Q: 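My questions will all concern the structure given below.
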There are 2 protein chains.
Amino acid sequence: MEAGVADMLAPGGGRTSRMITSRDVARLAGVSQPTVSRALRDDPKVSEATKQRVREAAVALGYAPNAIGRALSVGRSTRVGLVVTDLENQFYAHVIAPMHHELERLGYELVLITESSESAPVAEHVTAHGLCGVVLATTTVESLVPVRLRDRGVPLVYFNRTSQSVQADSVTVDPENGVRELLRDAIGMGHRRIGAIFGPRNTSTGEQRENAVRAVLDEHGLALAHRDVRHGSFDFRTGHEGLRALLDRSDPPTLVLCGNDVVALGALNAAAELGVAVPADVSIAGFDDLPTSSWALIRLSTVAYDLDEMSRDAARLIVARVEHPDAAPANPVYPTQYVARATIAAPRG
Amino acid sequence: MEAGVADMLAPGGGRTSRMITSRDVARLAGVSQPTVSRALRDDPKVSEATKQRVREAAVALGYAPNAIGRALSVGRSTRVGLVVTDLENQFYAHVIAPMHHELERLGYELVLITESSESAPVAEHVTAHGLCGVVLATTTVESLVPVRLRDRGVPLVYFNRTSQSVQADSVTVDPENGVRELLRDAIGMGHRRIGAIFGPRNTSTGEQRENAVRAVLDEHGLALAHRDVRHGSFDFRTGHEGLRALLDRSDPPTLVLCGNDVVALGALNAAAELGVAVPADVSIAGFDDLPTSSWALIRLSTVAYDLDEMSRDAARLIVARVEHPDAAPANPVYPTQYVARATIAAPRG
DNA sequence: GCCACGACTGTATGCGTATGCACAACCCGG
DNA sequence: CCGGGTTGTGCATACGCATACAGTCGTGGC
């Protein structure tokens, strides 16, 4: 709280001191600036003795090469953008963390971009921020963002999305196995009246999960009643409002499938507010298996896949694409499994 | 799934096309490059007519000024680093989101830095990434990071931390009021045996909250028994293991205060696993009031403050410091209130 | 013993933008 | 009608780094 001690430096808040450049290192090492550049990048054309001298000088001065200068010089940066909708959404935390880590390991940086309603800005971010590539974790099917990017020749990878119009690397999950296991279990328990709170209709992830559910139900001779399905965003509120709407009727579904775990968490909490017991009165299922879903207070039955690996792979793919623009696109698909916990049980009666 | 349609572009993955520069715009608008630069930055020395022409040309070409070039030219970037420990920690999601948004609004970018165990890298990140300033949301009291940064003249703001040695802007919360309200309530309900799972001993936030608790307890003639207090990180695991340890005894505390909400969530879930009822068997309190804490399934009684505003202010402060290095430091403090929910009730017996 | 060649290192230059300065055009008052 | 000021624009250059190219050695082969 108290300031007290007279600090020994200038009082006025530090003027930002001049940067230490490769030229400073060059002067100290007694070589030219380009030699420093080459030595520190371990160019074989520089003698070992010189490298040693340069390295010592660099350490002595606390020199670190300036990424700005380098980016300008080589014509591209080492910064990849990650486009998301909502940074507060739990889901994204678990893609940002591994992706950030992997990119750092590869010598790249992660730049967060939140997609505002308009589509133009995203493409401009790229030039403005000098991005070398973009991971799209949010685009709706008909979005113009990917075509804009492709038009500008910006390397691109889809995260949990695909597109017919723009061919590119992608990482996606195949919901089928998990959904099949889940429904086999649930239907075996006696669930017939099944509802759903799906994600956005205009995203390939949303569509894909919805299609998987409908297909598997069909195999069992079941179908979703139109009045038992809701659509919305992949967020808490969608699940929260969605479940209230589904239960606000005389004959609600006995099992509600949610577009993802965050939606399911919204639904779970809505049930708690309504005094509706889960799974005694309704069963609820999620998709993603976020860490929160395994909490003792939650115990959400859900469809799991390796989100960490998927996020790291996305990082690897965008880097590979940036460094080898002409390589064949890679489109790994991650399998899913059903994780049975405590939110699905046999229906009443 | 199928590739099908022959795409009309080159098959080999796009070569990244040449960037559109201010010179291109200049050519199209029939002016010189510097004029473009001035016009787009709305320099009053450029005539309105010229500005108009330049703007049109820029739009026509889809030009966006290149941040790299600009940064190199002006000698500093518009990128501020945020140093955190763990990107998966819920808490940080709620500081990153508002901070990112505010920085963007101010024309700056957010760069995430996870503090690895070593302290040296952070300082090097600054030069390497060309950061113009840093927000430290993680530093332990004795860390060398702030002094290193200050030595290099890097603008700095402490987030939820303070330091005696390095004077700088900061945003901090004052736990006192919230803690006092909480304890008045709890002690009024009959709690006497009170335990705590505090955060790290070597952070000012941890210390400060601990001190506040001890001081207020003292006012009531109470004290923490040494065996009833645990220390750890501000994470789920600390709360989870901490509560198990505290309850693994014949005479456990009736109320456990947690260093923050994430710790409290860990404790809450540990209780659920142990079959210990909250608040019937133990009461539990948090600190931060994260969105999750107000879920119907959680209903955590906690100490609240305006984390959004605090995060935005941190963004504003670092920008102000970067732009006016000699201004007097600002050290806003955010007040706290107790939010009574469902995890604190009168103890048994 | 001379030339060709390899191994290093220095020189010159470019990346995209911003800015100090020079310069041109114009306006207005005297 | 001319000079000084004002306004608008171009020119030259700098930022830090990387790289093509030129140069300088020294060495080995014949």
Side-chain angles (χ1 to χ4, degrees), chain A residues 16-54 57-58 61-79 107 124 126-132 152, chain B residues 16-54 57-58 61-79 107 124 126-132 323:
Chain A
T16 159
S17 61
R18 201 183 62 78
M19 198 181 290
I20 298 160
T21 75
S22 58
R23 216 174 301 270
D24 299 321
V25 178
R27 197 164 13 240
L28 181 58
V31 297
S32 70
Q33 175 267 321
T35 297
V36 171
S37 169
R38 285 189 274 249
L40 295 180
R41 314 202 64 238
D42 208 35
D43 188 316
K45 296 165 47 161
V46 175
S47 72
E48 207 46 59
T50 306
K51 281 181 187 171
Q52 194 55 37
R53 212 143 31 89
V54 169
L61 294 177
Y63 168 78
N66 180 280
I68 308 267
R70 170 164 221 285
L72 192 56
S73 181
V74 301
R76 71 174 161 80
S77 70
T78 53
R79 318 173 58 191
E124 280 173 16
V126 174
T127 47
H129 294 57
L131 303 181
C132 62
R152 295 191 178 216
Chain B
T16 157
S17 61
R18 202 184 61 79
M19 198 180 291
I20 297 160
T21 75
S22 57
R23 219 174 299 271
D24 299 321
V25 178
R27 196 161 18 236
L28 181 58
V31 297
S32 71
Q33 176 269 322
T35 297
V36 172
S37 169
R38 285 189 274 249
L40 295 179
R41 314 204 65 237
D42 209 33
D43 189 316
K45 295 166 49 161
V46 176
S47 72
E48 207 45 60
T50 306
K51 281 182 187 171
Q52 194 55 35
R53 213 143 29 91
V54 169
L61 294 176
Y63 169 78
N66 180 281
I68 307 267
R70 171 166 220 285
L72 190 56
S73 182
V74 302
R76 71 175 161 80
S77 71
T78 53
R79 318 174 57 190
E124 281 173 16
V126 174
T127 46
H129 293 58
L131 302 181
C132 63
E323 296 181 352

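This one's a predicted model, so the numbers in the text were calculated from it and none came from an experiment. Lettering of chains follows the sequences in order, A, B, ..., and the numbering in each one begins at 1.
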Q: Please determine, for the side chain of A:L72, which listed nucleotide (D:dG10, C:dT19, C:dG16) has the closest atom?
A: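 Shortest atom-to-atom distance from the side chain points to C:dG16.
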Q: Quick check for you: among C:dT17, D:dC17, C:dA18, whose closest atom lies nearest to any side-chain atom of B:N66?
A: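 Nearest nucleotide to the side chain: C:dT17.
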Q: Picking from D:dC17, D:dA18, D:dA12, which would you name as closest to the side chain of B:P34?
A: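 Nucleotide nearest to B:P34's side chain: D:dA12.
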Q: Reckon A:V31 touches a base, only the sugar-phosphate, or nothing at all at heavy-atom distances under 4.0 Å?
A: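 Here A:V31 touches the backbone only, sparing every base.
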Q: Starting from the 5' end of DNA chain C, give me the residue, A:S73 or B:S22, whose nearest nucleotide shows up first.
A: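 Nearest nucleotide further toward 5': that of A:S73.
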Q: Using whole Å, report how far CG of A:D43 lies from P of C:dG10.
A: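 These atoms are roughly 13 Å apart.
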Q: Under 4.0 Å, counting only non-hydrogen atoms across every strand here, what does A:T21 touch: a base, just sugar-phosphate, or nothing?
A: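 A:T21: backbone/sugar contact only, no base atoms under 4.0 Å.
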Q: Is there a side-chain contact between A:L28 and A:D24 in this structure, where contact means two heavy atoms from C-beta onward sitting under 4.5 Å apart?
A: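 Contact flag for A:L28/A:D24 side chains = no.
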Q: Report the distance from atom CG of B:L40 to atom P of C:dT17, rounded to the nearest whole Å.
A: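 Computing the B:L40:CG to C:dT17:P distance gives 9 Å.
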Q: A:V46 side chain: which of D:dC17, C:dT9, C:dG16 is closest?
A: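 From the listed options, C:dT9 comes nearest.
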Q: Do any side-chain nitrogens or oxygens of A:S47 fall under 4.0 Å of OP1 or OP2 in C:dA7?
A: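 Result: no.
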Q: Looking at side-chain heavy atoms only, is the closest gap between B:R76 and A:M19 below 4.5 Å?
A: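 They are not in side-chain contact.
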Q: Salt bridge (Lys or Arg N to Asp or Glu O under 4.0 Å) with B:R23: which residues, sequence neighbours excluded?
A: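 Partners of B:R23 under the salt bridge (Lys or Arg N to Asp or Glu O under 4.0 Å) test: none.
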Q: Output the rounded distance in Å from CD1 (A:I68) to C1' (D:dA14).
A: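 It is 16 Å, rounded to the nearest whole Å.
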Q: I need the minimum non-hydrogen distance between A:S77 and A:A71, along with the two atoms involved.
A: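 That would be CA-CB, 3.8 Å.
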Q: Under 4.5 Å between any side-chain heavy atoms of B:N66 and B:T21, yes or no?
A: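 SC-SC contact between B:N66 and B:T21 ruled out.
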Q: OP1, OP2 of D:dG16 versus side-chain N and O of A:R70: anything below 4.0 Å?
A: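 No, because none of the side-chain N or O atoms of A:R70 sits under 4.0 Å from OP1 or OP2 of D:dG16.
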Q: Suppose we call a contact any N or O donor and acceptor under 3.5 Å apart; does that hold for the side chain of A:R38 and the base of C:dG10?
A: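 Per atom types, the contact qualifies.
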Q: Using whole Å, report how far CD of A:E48 lies from C1' of C:dC8.
A: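 After rounding, the reported distance stands at 13 Å.
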Q: Rounded to the Å, how far apart are A:Q33 CD and D:dA14 C1'?
A: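 Value for this atom pair: 14 Å.
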Q: Measure CZ/B:R41 against C1'/C:dG20 and give the value in whole Å, please.
A: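 After rounding, the gap between these two atoms is 16 Å.
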Q: Does a nitrogen or oxygen in the side chain of A:T50 sit under 4.0 Å from OP1 or OP2 of C:dT9?
A: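 The answer is yes; a side-chain N or O of A:T50 sits under 4.0 Å from OP1 or OP2.
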Q: Quick one: A:R23 CZ to C:dT11 P, roughly how many Å, whole number?
A: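 Taking CZ of A:R23 and P of C:dT11, I get 11 Å after rounding.
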Q: Below the 4.0 Å mark, does C:dT9 have OP1 or OP2 next to a side-chain nitrogen or oxygen of A:T35?
A: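 Looking at the OP1 and OP2 atoms of C:dT9, neither is under 4.0 Å from any side-chain N or O of A:T35.
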Q: Between C:dC15, C:dT19, C:dT9, spot the one nearest the side chain of A:K45, thanks.
A: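 Nearest to the side-chain atoms of A:K45, counting from C-beta on, is C:dT9.
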